[in-house]
Protein chains: 2
Amino acid sequence: MTMHHTGGRRKPPTIHDVAREAGVSRGTVSRVLNGGHYVSPAAQEAVNAAIRRTGYVVNRHARSLITGRSDSIGFLLTEPQERFFEDPNFNVLLRGCTQALAAHDVPLLLMLAGTQDERRRITRYITAGHVDGVLLVSSHSGDPVAEELREAGVPLVACGKPIGLGSKVSYVAADDRDGARDMVKHLLSLGRRRIGMVTGPLDTPGGVERLAGYREVLAEAGIEADDRLVVPGDYSRASGDAGAERLLERVPDLDAVFVASDLMAQGVLSALHRAGRRVPEDVAVGGFDDSPAAVASTPALTTIRQPWDRISAEMVRVLLAQIGGDDPAAVILPTELVRREST
Amino acid sequence: MTMHHTGGRRKPPTIHDVAREAGVSRGTVSRVLNGGHYVSPAAQEAVNAAIRRTGYVVNRHARSLITGRSDSIGFLLTEPQERFFEDPNFNVLLRGCTQALAAHDVPLLLMLAGTQDERRRITRYITAGHVDGVLLVSSHSGDPVAEELREAGVPLVACGKPIGLGSKVSYVAADDRDGARDMVKHLLSLGRRRIGMVTGPLDTPGGVERLAGYREVLAEAGIEADDRLVVPGDYSRASGDAGAERLLERVPDLDAVFVASDLMAQGVLSALHRAGRRVPEDVAVGGFDDSPAAVASTPALTTIRQPWDRISAEMVRVLLAQIGGDDPAAVILPTELVRREST
DNA sequence: CTGAAAGCGCTTACAG
DNA sequence: CTGAAAGCGCTTACAG
């Protein structure tokens with residue numbers, strides 16, 4: 001079947017070969033390639049047959065050179081990468097985006113920009129037109145990259161609301177506040193009244209919104225706000241562990257904890273275990289994310305499911321629309337309470 | 001600083017602009033861009049200054065069109081993706097490769113090929129020259145993709161030894177057999193004698209090698225082989241759980257289990273817990289990978305650390321060398337026993 | 001509907 | 001060391 005020898009990378013057929021094979025001009029081949037408008041059925045067919053016979057695949061570099069589009073999308077991760085990679089949600093997101101993009105036959109370039117230097121280099125690369133648009137995932141969303149890209153006119157959609165950019169930048173996010181509300185209402189419905197919270201980083205929209213939801217529901221239930229019940233976390237397991245310790249010190253009789261991520265909730269579980277508290281008998285624990293960590297924990301975590309598959313699909317949809325000329329748009333997706341053993 | 005208006009993506013400067021600005025020909029600019037050979041220091045400097053002033057960034061499409069190289073690398077994931085994405089090692093690997101590549105200023109294209117169809121499409125894409133080389137991660141390594149790519153002469157390095165391809169294909173792997181040996185020796189040194197094993201998939205080199213290491217050490221210790229002590233797993237948590245159940249049925253007095261992955265070991269821990277066995281008092285459990293799951297487990301897992309950061313770095317190094325003309329090479333990296341609470 | 005031709009931005013022998 | 005010129009593989013008005 002293959003005529004070339006091992007290691008020899010033969011020259012792929014060009015549009016010229018296809019044209020010769022089909023007995024038409026290169027222009028006609030190109031027209032078939034680009035939607036088949038203004039092409040007779042006969043020519044259409046001849047070209048398609050020739051493409052099949054020659055195994056022709058378009059040279060994207062040549063095409064991009066003239067169209068000025070790269071036909072590829074960047075998946076840009078800024079700020080502390082470790083945190084993201086540790087986070088199982090990240091996987092689902094990355095996989096979802098890659099798949100959604102593959103369905104449109106557009107390759108995804110993975111770009112990591114953890115340091116100031118890398119950020120500068122990648123911004124340059126992007127604004128030079130090497131990708132048609134960017135899916136942006138950054139934690140601390142005061143991120144200057146978003147603003148720079150927006151200003152350079154690069155189509156962009158962020159995962160989560162970029163702080164400070166309002167709706168000038170497209171984004172897709174789960175309804176963090178509503179999710180938090182659901183969880184705290186659930187805890188209240190169980191009869192818990194001294195409900196602590198380990199928050200996410202408060203310079204992120206997710207962190208802020210989940211805390212806001214928690215406070216709202218307690219206020220609505222007529223429970224007085226108590227600052228000792230709120231401790232900050234950074235989405236890491238360790239911060240959950242430390243947070244629970246502090247909570248226990250300050251409010252020994254607390255009967256529930258709402259934790260802003262499942263990973264932190266694992267830490268909370270450990271701390272509670274060390275302190276001899278039973279979950280959920282003594283202390284109910286609610287997480288956020290419905291990540292694999294939620295099922296892996298003992299006891300399995302009651303949590304808030306973020307619709308990651310939908311988030312990734314929407315990010316891709318909005319980005320492609322924007323590349324096609326649409327204006328920026330924000331998409332907020334509902335969450336869902338998943339009850340397990342920890343409450 | 002920026003003169004363009006929001007949303008307007010202005011045309012980036014070309015080599016022509018730089019040439020005019022520097023007062024030289026385009027050829028000279030190109031020579032500076034490509035290493036500065038045969039260029040006078042004066043011209044060199046003038047060009048560099050012009051590049052800085054204009055903010056010029058090379059158009060890779062134009063360059064690739066003529067060089068025939070894409071200056072990008074594909075990270076190809078074949079077979080069941082879910083499993084990989086569930087696997088924390090995958091993250092470390094992907095991140096490591098992206099970073100190592102970024103250091104060489106070459107972008108990484110993430111390619112998922114879970115279905116037959118996708119595999120065909122992506123193979124075509126790759127052999128058409130859209131990437132200069134491929135980092136291949138596939139679980140069941142009877143994978144036809146590896147053979148196809150090799151035959152097409154695409155530079156390729158696999159993660160783990162591709163079954164059946166011998167050393168015709170480059171690969172980088174941890175020393176699975178030696179790691180397994182270390183773990184089983186450790187278990188023996190603790191006085192355990194009825195040591196069960198939950199294997200990985202036996203159509204993967206890792207699965208085969210870890211089992212081989214287990215058997216070797218038991219044989220060397222003069223312990224008679226007992227097939228009831230070996231149950232198959234597929235690296236999923238669920239298969240670990242099920243495997244431990246079967247082990248317990250068949251050999252109720254077993255005193256240790258060597259599990260071929262940390263994720264499966266989590267499942268084993270659950271099953272043991274349900275069965276009322278204490279770990280490590282009644283049954284010692286050893287994992288493999290030193291993934292985050294190892295620390296997240298209760299008790300924390302004694303395990304075998306795979307040097308993922310080195311693996312990714314080596315994969316990139318070998319691939320770039322091969323693209324540069326080197327012959328394929330295999331790299332085997334040592335593992336390390338990490339003692340925690342489960343043994 | 002279709003062909004001939006120009007041109008995208010770059011690199012690379014080829015003369016000097 | 002340097003410029004002029006050809007050409008990489010494609011798309012896109014432009015005439016027919």
Side-chain angles (χ1 to χ4, degrees), chain A residues 9-48 50-51 54-72 105 124-125 127-132, chain B residues 9-48 50-51 54-72 105 124-125 127-132:
Chain A
R9 231 176 150 171
R10 46 151 48 162
K11 246 187 149 185
T14 73
I15 203 172
H16 191 242
D17 300 317
V18 175
R20 187 163 15 80
E21 184 85 12
V24 300
S25 75
R26 293 177 293 156
T28 298
V29 175
S30 180
R31 276 177 219 113
V32 171
L33 255 27
N34 292 282
H37 303 304
Y38 302 104
V39 182
S40 66
Q44 179 88 251
E45 197 168 325
V47 169
N48 282 138
I51 288 177
T54 55
Y56 172 77
V57 176
V58 67
N59 180 324
R60 286 176 183 240
H61 300 305
R63 174 181 283 175
S64 293
L65 180 55
I66 169 156
T67 61
R69 315 197 332 148
S70 73
D71 291 324
S72 65
D105 200 29
R124 261 199 151 209
Y125 181 87
T127 53
H130 290 309
V131 293
D132 294 335
Chain B
R9 231 175 151 171
R10 45 150 51 158
K11 246 184 152 191
T14 73
I15 203 173
H16 189 241
D17 301 317
V18 176
R20 187 164 14 80
E21 184 85 14
V24 299
S25 74
R26 293 177 294 157
T28 299
V29 175
S30 180
R31 278 178 216 111
V32 172
L33 255 27
N34 292 281
H37 303 304
Y38 303 103
V39 182
S40 66
Q44 179 88 251
E45 197 168 324
V47 169
N48 283 137
I51 288 177
T54 55
Y56 172 77
V57 176
V58 67
N59 180 325
R60 285 175 185 243
H61 300 304
R63 173 182 283 175
S64 292
L65 180 55
I66 170 155
T67 61
R69 314 198 332 149
S70 72
D71 291 325
S72 65
D105 199 30
R124 262 197 151 209
Y125 181 86
T127 52
H130 290 309
V131 293
D132 294 335

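Below, chains carry the letters A, B, ... as their sequence lines are ordered, and counting in each starts from 1. Keep in mind it's a predicted model, so treat the numbers as computed, not measured.
With D:dT2, C:dG3, C:dT12 as the choices, the nucleotide that has an atom nearest any side-chain atom of B:Ser30 turns out to be C:dT12. Here D:dT2 is the nucleotide among C:dG9, D:dT2, D:dT11 with the atom lying nearest to any side-chain atom of B:Ala43. Distances from the side chain of A:Arg31 to the nucleotides C:dT11, C:dG3, D:dC10 place C:dG3 closest. Counting only heavy atoms from C-beta on, A:Leu65 has its side chain closest to C:dG9 among D:dC10, C:dT2, C:dG9.
Rounded to an integer number of Å, the gap from A:Arg69 CZ to D:dT12 C1' is 15 Å. Rounded to a whole Å, the CD1 atom of A:Ile15 is 14 Å from the C1' atom of C:dA4. Going from atom CG of B:Asp71 over to atom P of C:dG9 covers 18 Å, rounded to whole Å. In this structure, A:His37 atom NE2 and D:dT12 atom P are separated by 11 Å, rounded to whole Å. Rounded to an integer number of Å, the gap from A:Arg26 CZ to D:dA13 C1' is 15 Å.
A close approach under 4.0 Å does not occur between any side-chain nitrogen or oxygen of A:Thr67 and OP1 or OP2 of C:dC8. Taking side-chain N and O atoms only, B:Tyr56 has a distance below 4.0 Å to OP1 or OP2 of C:dC10. Within the 4.0 Å cut-off from OP1 or OP2 of D:dC10, not a single side-chain nitrogen or oxygen of A:Asn59 is found. At the phosphate of D:dG9, neither OP1 nor OP2 sits under 4.0 Å from any side-chain N or O atom of A:Thr14. Taking side-chain N and O atoms only, A:Thr28 has a distance below 4.0 Å to OP1 or OP2 of C:dG3. Dashed line: the shortest gap from a side-chain N or O of A:Ser25 to OP1 or OP2 of C:dG3 is under 4.0 Å.
D:dT12 and D:dG16 have their C1' atoms separated by 16 Å, given to the nearest Å.
Considering all non-hydrogen atoms of both residues, B:Asp132 and B:Asp71 come closest at OD2-N, 2.7 Å.
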*Secondary structure string for DNA chain D (Watson-Crick or G-U under 3.5 angstrom, | for other-strand pairs)*: |||.||||||||.|||
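Although no hydrogens or angles enter the test, the distance criterion places a donor-acceptor pair under 3.5 Å between the side chain of B:Asp17 and the main chain of B:Thr14.
For B:Arg60 and C:dG9, a side-chain-to-base donor-acceptor distance below 3.5 Å is absent, hydrogens and geometry of angles not being considered.
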